[in-house]
Protein chains: 2
Amino acid sequence: MPLPQTEVPGRLQAELMSRGLRMTHQRRTILSVVETAKQHLDASQILRQARRLDPGIDRVTVYRTLGLLKRHGLIDELDLMHMQGEKHFYERRPQRDHIHMACLRCGKIAEFESDLFDRLKGQIQRECRFHIVVSRLEVGGYCAECRASN
Amino acid sequence: MPLPQTEVPGRLQAELMSRGLRMTHQRRTILSVVETAKQHLDASQILRQARRLDPGIDRVTVYRTLGLLKRHGLIDELDLMHMQGEKHFYERRPQRDHIHMACLRCGKIAEFESDLFDRLKGQIQRECRFHIVVSRLEVGGYCAECRASN
DNA sequence: TAATCTATTGCAACTGGGTTTCAACTTACG
DNA sequence: CGTAAGTTGAAACCCAGTTGCAATAGATTA
């Protein structure tokens with residue numbers, strides 16, 4: 001399932017600047033990588049891509065920028081069931097939360113939006129009086145293809 | 001009056017043995033720690049508790065045993081929104097999955113069972129033809145107490 | 001436009017959770 | 001009891017992520 005391309009390029013930059021943050025060359029580079037990514041990238045992949053645009057960039061700057069984006073709620077951090085070590089993956093925060101399904105056999109990641117998920121979060125907020133800032137639903141299992149070819 | 005004991009002691013042990021796994025002294029110790037835990041423990045806490053019962057136990061044995069229990073679906077691994085570094089937490093797999101709510105202010109972890117959650121998983125299995133083996137729903141936000149005292 | 005102030009960067013060293021390797025040791029089983 | 005295969009501990013290792021600090025570069029002001 002490909003990631004939907006629903007955002008105007010430059011939106012993350014605009015968001016950060018509107019919050020009064022200093023816009024450096026390195027940040028612009030990292031933001032553009034995250035913004036135009038077609039799949040979920042981990043920090044080292046983001047570093048590699050950013051270095052193609054600005055070879056001097058350091059991995060610590062990538063980590064710091066990802067932390068910044070996370071704190072501002074502009075990106076989400078995913079674990080994807082820790083199928084490939086302990087690395088984390090990142091994606092622009094979507095308008096509507098979705099579920100990540102990780103196939104334990106082929107490693108494919110699929111996404112799924114569901115009204116039930118939205119209702120569940122509403123129930124949590126109401127019944128537990130818990131104000132949700134970030135949510136993450138990940139499931140591990142076997143996708144249709146892998147179940148068939150078994 | 002004794003505390004309510006939700007599980008029969010030794011259930012994890014019995015499960016593992018019934019699957020033909022070798023029952024060593026170290027495993028029995030680690031299993032009893034996990035089984036009687038009153039909160040979510042990370043690997044180093046499990047090690048510390050296990051060493052009170054068997055001082056010679058090594059952390060590598062704890063990691064291996066936790067991996068074993070995970071592979072057999074007897075415990076679940078939690079991230080709890082990575083609020084305290086990158087450590088993982090463990091709990092016996094419950095009969096019915098629950099949601100973990102992590103308060104970003106006071107750090108408290110609350111649990112919540114929901115019919116909507118069960119239905120959502122059913123929807124994923126049906127509509128995505130995805131066979132769920134493990135699921136993890138974690139939300140970060142602010143609990144009722146922290147919202148009040150702000 | 002230049003001066004200034006302060007956030008940000010890069011580097012190197014470090015941290016910490018988790019894994020690998022391998023010889024020595026146990027456990028289960030006949 | 002003897003054996004074979006699974007398990008353990010110790011040390012070294014791996015790797016994602018963080019910290020301390022001097023140098024640098026945005027933003028702001030004059």
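Throughout, a chain's letter reflects where its sequence line sits, starting with A, and its residues are numbered from 1. Please read all numbers here as calculations on a predicted model, not as lab measurements.
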Give a yes/no on whether any side-chain N or O of T61(A) is located under 4.0 angstrom from OP1 or OP2 of dG10(C). yes
When you check the phosphate oxygens OP1 and OP2 of dA16(D), does a side-chain N or O of R59(A) lie under 4.0 Å from one of them? no
Name the nucleic acid region contacted by [X], choosing base, sugar-phosphate or nothing; use a 4.0 angstrom heavy-atom cut-off, strictly under.
X      : value
R64(A) : base
H88(B) : sugar-phosphate
G85(A) : nothing

Output yes when a side-chain donor or acceptor of [X] lies under 3.5 Å from a complementary backbone atom of [Y], and no otherwise.
X       : Y       : value
E138(B) : D79(B)  : yes
R96(B)  : E113(B) : no
R19(B)  : H72(B)  : yes
Q45(A)  : D42(A)  : yes

Counting side-chain heavy atoms from C-beta on, which of dG10(C), dA27(D), dT8(D) comes nearest to V60(A)? dG10(C)
Side-chain atoms of R22(A) come closest, of dG6(D), dT19(C), dA27(D), to dA27(D)
Flag the pair D76(A) and R136(A) as a salt bridge only when some basic side-chain nitrogen lies within less than 4.0 angstrom of an acidic carboxylate oxygen. no
Take atom [atom1] of [X] and atom [atom2] of [N], then tell me their distance rounded to the nearest Å.
X      : N       : atom1 : atom2 : result
D54(A) : dT24(D) : CG    : C1'   : 14 Å
M23(A) : dA27(D) : CE    : C1'   : 13 Å
E77(A) : dA16(D) : CD    : P     : 14 Å
H82(A) : dG18(C) : NE2   : P     : 9 Å
E86(B) : dT15(C) : CD    : P     : 17 Å
R71(B) : dT7(D)  : CZ    : C1'   : 13 Å
Y63(A) : dC11(C) : OH    : C1'   : 16 Å
I57(A) : dA25(D) : CD1   : P     : 14 Å

5' priority, DNA chain C, between K70(B) and T24(B) [closest heavy atom]: K70(B)
DNA chain D: Q26(B) or R28(A), which has the more 5' nearest nucleotide? Q26(B)
